[in-house]
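Accompanying notes for the structure given below.
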Amino acid sequence: MNTNNSKILFEEAKKSIPGGVNSPVRAFQSVKKDYPIFIKSANRSKLYDEDGNEYLDMIGSWGPMILGHNYPKVLEVVKEEIENGTSFGLPTKKEVVLAELVKECFPSIKKLRLTTSGTEAAMAAVRVARAYTGKNKIIKFEGCYHGHSDSLLVKAGSGLLTFEHQDSNGITKSVTQDTITAPFGDIEKIKEILANEKDVACVIVEPIPANMGLIETEKEFLQQLRELTAKENVVLIFDEVITGFRVTLGGAQKLYGITPDLTILGKIIGGGYPVGGFGGKEEIMNLISPVGNVYHAGTLSGNPVSVAAGIKTISILKENPKIYEALEKRTKEIVEKVEKLIEKYDVPASINYANSLFTIFFSKEKVENLEDAIKTSDDFYSIYFDVMLENGIIVPPSKYEAHFISYIHSDEDYDKYFSALEKVFQKIKK
């Protein structure tokens, strides 16, 4: 496969962009590639690079492309909205429509504030939680990623893990001291922390972690977390940037029947266009300016193009519940087929999944937390990525990320994926 244009572009990019990329995982370094693939366009379940190569997309922009790329009905409203204008810096009717749609799907959200990204939403949610409780410290879980604001980068997942870091340089000691971390799923550790530390404002968690690879969640853990935080007057924040509208219409909280105090949502509420949001209890959200004195602002918050795409995407998902049924059924089929191939070729691998996302870990042991994920094989994952790419399939360029399927993926797409996976396992067994 000729990717010379991507190679040339990467050399040019390094002259003007740090590392040649605008988000670290895109560099393909952790999968031992000299340069990344530069994408020119996308349609349905496919990506097309600057050399004209076609790839089956198993990333879906890290989750929001649940309907596939350029879904016709969504694309139509985006084109219409662009003609109306792209940024006003003033309120629009569609912002209200989107907020009401989100509220209908997430009963825990009584009020919603739109942002431009999930990172911004997480940062603001923590700020308002501190204001609401009058306390300062936060608890997060090792390997969970909540964007790149300072206090949430301590022992985070996603790109930090990809580059073998668990913290970022440039964060002050005082910020680090206000962030307490615990292993995901360890409720006894949370009990211990809350028993000894009375200045905890909030606990923030990915209810289904997907930034140290996909980790399967025990409902009991989330239930106990809810009970503990309620008892100790600690705000419980669910980061549903990935799971919101992805695992089901009402996110992981609907799936598990657990109500957080605040919820963070990401670009899926904009149909994949740049947007985020945070919302929850009215008494907490009313602390935000201009009602209260917790400041949050953004010229592009509620951008009209993103909002229009979000309204259409959520409406389609809401009107067609069979989309979620089909995605869950398909993912279970994928898992069963992968497990059979693992057994057939006797490779050290396992698979975790939740509804329409999954991760293949190259370890025979079940991966349940960050420590387990770190121990999985980098070399075998690199082989996996390389063989997939050679066969025209884009999978996550890091073992710490999840695969996302879309409603538009076809039987032919999955046949192509499994055919390539057999080649991966054959190469590993040589």
Side-chain angles (χ1 to χ4, degrees), residues 1-3 6 25-26 28-63 65 68-69 162 210 213-214 327 329-353 356-364 367 376-430:
M1 183 179 289
N2 178 21
T3 57
S6 285
V25 175
R26 297 177 192 174
F28 286 18
Q29 287 182 13
S30 75
V31 285
K32 303 177 182 178
K33 305 297 286 185
D34 293 331
Y35 57 91
I37 301 302
F38 279 67
I39 301 302
K40 185 175 183 179
S41 64
N43 193 48
R44 296 174 66 85
S45 63
K46 305 297 193 301
L47 298 172
Y48 302 88
D49 71 11
E50 288 287 348
D51 288 278
N53 298 308
E54 179 186 276
Y55 302 90
L56 173 62
D57 181 18
M58 298 296 285
I59 299 174
S61 191
W62 307 111
M65 299 306 177
H69 295 280
T162 301
L214 192 282
L327 286 170
K329 181 174 181 287
R330 177 68 81 174
T331 308
K332 286 180 178 178
E333 290 170 356
I334 291 170
V335 172
E336 289 172 4
K337 187 73 178 284
V338 170
E339 288 177 337
K340 285 178 182 177
L341 289 174
I342 289 170
E343 185 177 352
K344 177 181 177 180
Y345 291 97
D346 190 28
V347 293
S350 60
I351 184 168
N352 284 357
Y353 79 102
S356 59
L357 55 159
F358 67 91
T359 296
I360 295 176
F361 291 103
F362 285 93
S363 167
K364 281 191 173 180
V367 175
T376 62
S377 174
D378 295 310
D379 290 339
F380 286 168
Y381 193 88
S382 293
I383 292 171
Y384 170 68
F385 181 86
D386 198 44
V387 173
M388 285 291 169
L389 197 65
E390 288 172 1
N391 285 272
I393 303 169
I394 294 279
V395 296
S398 166
K399 71 175 187 177
Y400 297 110
E401 305 288 355
H403 300 59
F404 297 86
I405 65 170
S406 78
Y407 184 58
I408 214 72
H409 277 78
S410 66
D411 289 341
E412 182 183 340
D413 290 334
Y414 293 115
D415 288 343
K416 181 175 183 176
Y417 175 77
F418 290 123
S419 175
L421 187 62
E422 288 216 54
K423 294 177 183 177
V424 172
F425 289 169
Q426 286 166 0
K427 189 168 184 178
I428 287 173
K429 288 301 290 183
K430 280 185 179 179

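Atom CE in M388 sits 12.5 Å away from atom CD1 in I383 (nearest 0.5 Å). With values rounded to the nearest 0.5 angstrom, N53 atom CG is found 11.0 Å from E50 atom CD. To the nearest 0.5 angstrom, H403 atom NE2 is 11.0 Å from L357 atom CG. In this structure, the separation between OG on S382 and CD on Q29 is 12.0 Å, given to the nearest 0.5 Å. With rounding to the nearest 0.5 Å, the separation of CZ in F361 from CG in L214 is 7.0 Å. Within the model, atoms CG of N43 and CD of E54 stand 9.5 Å from one another, a figure rounded to the nearest 0.5 Å.
A 4.5 Å side-chain heavy-atom check between V25 and Y400 finds every atom pair outside the cut-off. When side chains are defined from C-beta on, W62 counts as touching P396, because their heavy atoms get closer than 4.5 Å. Proximity of N391 to K416: side-chain heavy atoms (C-beta onward) are nowhere separated by under 4.5 Å. A heavy-atom distance below 4.5 Å is not found between the side chains of F362 and K399. Between D346 and K364, some side-chain heavy-atom pair lies under the 4.5 Å cut-off. Counting heavy atoms from C-beta on, the side chains of K332 and Y353 come closer than 4.5 Å.
Considering all non-hydrogen atoms of both residues, Y417 and M58 come closest at CD1-CE, 4.2 Å. The shortest non-hydrogen separation linking I334 to F418 is CA-CZ, 3.8 Å. Across all non-hydrogen atoms, the minimal contact from N2 to D51 is O-CB, 3.3 Å. For the residue pair P397 and S30, the shortest heavy atom distance occurs at O-OG, 2.9 Å. Taking each heavy atom of D413 and S45 in turn, the nearest pair found is OD2-OG, 2.8 Å. Looking at every heavy atom in both residues, M65 comes nearest to S406 through O-CB, 3.3 Å.
Every side-chain contact (heavy atoms from CB on, under 4.5 Å) that I394 has, sequence neighbours left out, goes to L47, Y55, I59, L389. The side-chain contact (heavy atoms from CB on, under 4.5 Å) test applied to K340 returns no partner, not counting sequence neighbours. Annotation: side chain to side chain donor-acceptor pair (under 3.5 Å) contacts of K32 (sequence neighbours excluded): D379.
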**Report entry** Check against ring-ring contact (aromatic ring centres under 6.0 Å, His included), Y381 and Y384
**Finding:** CA-CA 5 Å; Y381 193 88; Y384 170 68; 5.3 Å; yes

Query raised in the report: side-chain contact (heavy atoms from CB on, under 4.5 Å) between D386 and V31: does it pass, once the steps are laid out?
Result: CA-CA 8 Å; D386 198 44; V31 285; over 6 Å; no

Report task. Start with the C-alpha distance between Y35 and F28, add both sets of side-chain angles, then the distance that settles side-chain contact (heavy atoms from CB on, under 4.5 Å), and finish with yes or no. Result -> CA-CA 6 Å; Y35 57 91; F28 286 18; over 6 Å; no

Query raised in the report: Does the pair F425 and K344 meet the rule for a side-chain contact (heavy atoms from CB on, under 4.5 Å), with working shown?
Result: CA-CA 9 Å; F425 289 169; K344 177 181 177 180; over 6 Å; no

Query raised in the report: Can Y414 and K337 be said to form a side-chain contact (heavy atoms from CB on, under 4.5 Å), step by step?
Result: CA-CA 10 Å; Y414 293 115; K337 187 73 178 284; over 6 Å; no

Query raised in the report: Does the pair K329 and E333 meet the rule for a salt bridge (charged side-chain N to carboxylate O under 4.0 Å, His left out), with working shown?
Result: CA-CA 6 Å; K329 181 174 181 287; E333 290 170 356; 2.9 Å; yes

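In this structure, a donor-acceptor pair under 3.5 Å is absent between the side chains of D49 and S6. No donor-acceptor contact under 3.5 angstrom links the side chains of Y407 and S356, judged on distance only.
Counting non-hydrogen atoms of neighbouring residues, nucleotides and ligands closer than 6.0 angstrom, the CZ atom of R44 reaches no more than 12 such neighbours. Other residues, nucleotides and ligands contribute more than 12 heavy atoms inside 6.0 Å of the CG atom of D415.
Remark: side-chain polar atoms of N352 are not paired, donor with acceptor, to backbone N or O of G213 under 3.5 angstrom. The backbone N or O of S41 lies less than 3.5 Å from no partner atom in the side chain of H69, so there is not a single donor-acceptor pair.
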